There are 2 protein chains.
Amino acid sequence: MKRDSRLSITLHALLHMAERETITSEELAACLSTNPVVVRRTMAGLREAGLVRSEKGHGGGWSLVRDLATISLSDVHAALGEPPVFAIGNRTEAPGCVVEQAVNAAMDGALRDAEALLMQRLERISLADLSNDFQRRMAIRRQQMKEQNHGG
Amino acid sequence: MKRDSRLSITLHALLHMAERETITSEELAACLSTNPVVVRRTMAGLREAGLVRSEKGHGGGWSLVRDLATISLSDVHAALGEPPVFAIGNRTEAPGCVVEQAVNAAMDGALRDAEALLMQRLERISLADLSNDFQRRMAIRRQQMKEQNHGG
DNA sequence: GTTTCATGTAACTCAATGTGTTACGTGATA
DNA sequence: TATCACGTAACACATTGAGTTACATGAAAC
């Protein structure tokens, strides 16, 4: 099954957005190695959810509305329309076959718990957390570059 | 994304299989409202994993090799080739962009934990558990039928 | 006012993949 | 030898995320 990477794409875009006052779809697409239309299409939900804003014309582009710390990964997932999390699932929702009912009950229970855990995790991670991790990684990378230069 | 219901289908088939000495793909397909070829194709992995056996010719069909209690749902998932659990995921596995690395790390962490929980749940449910639940549901249904008959 | 820039959106294509179906080969039993 | 049942290849189909093109809308610059 093909992977849905919209959440991943969107988080990536939001962090790049946070680094600048405003940024165009074209620039974001370059950062993400994708197409400007894909960016606009994906961000549409975030605009409706009030997480970001978009301006047309000269000097236009995308900008964050809320602070990074107030946006959780689950907020972003919700803004995207809560796309399905699982690739696996039951074949029939309300089967007449009692055997299938038993199968569905077990599967639903396990999937429900796993999804609850995942959502809990996504709720507890904010964009600020991601940004901090990004800064930390950048510092490490700078340090490595420096050592490499001294060595050469 | 389209749902992968092979685990659900297979569990359903296994429980029907447990009710009889042997059962043909045709009969299973009728139980599952699908096609005999789909049954054979899906069960191929289970045969290779030694969970079931198949016989050709007159009186042939599928039969269970191991006891229901010794087969967990995660065994079945593994026999199917461990199809991907999540519909969502990262866009790039090993991105050069540090921003994307931070995004991936967070997503991977959350997904890994959720998958671990799901697998733990699937490990702890055996086919015997499902069968017991099935029997319980059948008893309830029989009781309901009885009450309905007395009432009418 | 016209030009330029940037978003908004529809429409089409492409790729991946689970599922359904047909067709034919293999092997076992009656 | 005929029949039954599995094994498998090959193809069709539907869904869906992603990429792309085309065009309309609106805002700023000139």
Side-chain angles (χ1 to χ4, degrees), chain A residues 1-10 12-13 17 20-48 52-63 65 77 80-92, chain B residues 1-10 12-13 17 20-48 51-65 77 80-92:
Chain A
M1 201 166 284
K2 207 169 18 187
R3 272 275 185 33
D4 179 351
S5 55
R6 280 176 293 181
L7 179 54
S8 173
I9 287 179
T10 307
H12 190 174
M17 218 178 287
R20 310 193 13 191
E21 194 65 31
T22 100
I23 184 170
T24 67
S25 304
E26 194 101 28
E27 290 166 320
L28 276 176
C31 292
L32 314 186
S33 305
T34 182
N35 192 288
V37 177
V38 173
V39 172
R40 294 191 196 112
R41 187 198 289 155
T42 310
M43 305 288 292
L46 300 220
R47 186 181 52 232
E48 287 162 24
V52 300
R53 188 178 25 174
S54 64
E55 302 272 3
K56 291 180 176 178
H58 270 92
W62 298 87
S63 45
V65 170
H77 180 254
L80 289 172
E82 304 197 347
V85 166
F86 291 110
I88 64 179
N90 290 323
R91 188 140 149 296
T92 317
Chain B
M1 199 164 290
K2 206 169 16 186
R3 272 271 184 38
D4 179 353
S5 54
R6 279 175 294 181
L7 180 54
S8 171
I9 287 179
T10 307
H12 189 174
M17 216 178 290
R20 310 194 10 193
E21 193 65 30
T22 102
I23 183 170
T24 68
S25 304
E26 194 101 27
E27 290 166 321
L28 275 175
C31 291
L32 313 184
S33 304
T34 181
N35 192 288
V37 177
V38 173
V39 172
R40 294 191 195 111
R41 186 197 290 153
T42 310
M43 304 288 292
L46 300 221
R47 186 182 51 232
E48 286 162 25
L51 301 184
V52 302
R53 188 179 24 173
S54 63
E55 303 273 4
K56 291 180 176 177
H58 270 92
W62 299 88
S63 45
L64 279 167
V65 169
H77 180 253
L80 289 171
E82 303 196 346
V85 165
F86 290 111
I88 64 179
N90 291 324
R91 188 140 148 299
T92 317

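The chains referred to below are lettered A, B, ... by the order of the sequence lines, with proteins before strands, and numbering in each begins at 1. This is a predicted model, so every value here is computed, not measured.
Residues A:R91 and B:S5 share a closest heavy-atom pair of CD-OG, 3.5 Å. Between A:R47 and A:S54, the shortest heavy-atom distance links the atoms CD-OG, 3.4 Å.
Rounded to whole Å, atom C1' of D:dG17 lies 15 Å from atom CG of B:N90. Per the geometry, CD1 belonging to B:I9 stands 8 Å off C1' belonging to C:dT19, to the nearest Å. When the P atom of C:dG27 is taken as reference, atom CZ of B:R53 falls 19 Å away, rounded to whole Å. In this structure, B:R3 places its CZ atom 12 Å from P of C:dT19, rounding to the nearest Å. The nearest whole Å value for the distance from the NE2 atom in B:H12 to the P atom in C:dT19 is 15 Å. Here C:dA28 presents its P atom at 16 Å from CH2 of B:W62, a figure rounded to the nearest Å. One interatomic measurement links the two molecules: CD of B:E26 to P of D:dG7, which rounds to 14 Å at whole-angstrom precision. Here D:dT8 presents its P atom at 14 Å from CE of B:M43, a figure rounded to the nearest Å.
Legend: residues meeting side-chain hydrogen bond (donor to acceptor under 3.5 Å, both in side chains) with B:R6, ordered by chain and number and at least two apart, are B:D4. Legend: residues meeting side chain to side chain contact (heavy atoms under 4.5 Å, CB included) with A:T92, ordered by chain and number and at least two apart, are A:P95, A:E100.
Residue B:S54 places none of its side-chain N or O atoms closer than 4.0 Å to OP1 or OP2 of D:dA5. Put simply, B:S25 has a side-chain N or O that comes within less than 4.0 Å of OP1 or OP2 on D:dC6. Regarding contacts with the backbone of D:dG7, a side-chain N or O of B:R47 is found under 4.0 angstrom from either OP1 or OP2.
Inter-residue side-chain proximity for B:S63 and B:R20 is flagged as unmet; no heavy-atom pair is nearer than 4.5 Å.
From B:E27, atom CD reaches atom OG1 of B:T22 across 7.5 Å, with rounding to the nearest 0.5 Å. Interatomic distance, A:I9 CD1 to A:T34 OG1, rounded to the nearest 0.5 Å: 5.5 Å.
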Sugar-phosphate atoms are those with a prime plus P, OP1 and OP2; base atoms are the rest. Using that split, label each nucleotide of nucleotides 20-30 of chain D B, S or - for protein heavy atoms under 4.0 Å, 5' to 3'. BB---BBBB--
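If B:T24 and A:R6 are placed on DNA chain D by their nearest nucleotide, the residue sitting closer to the 5' end is B:T24.
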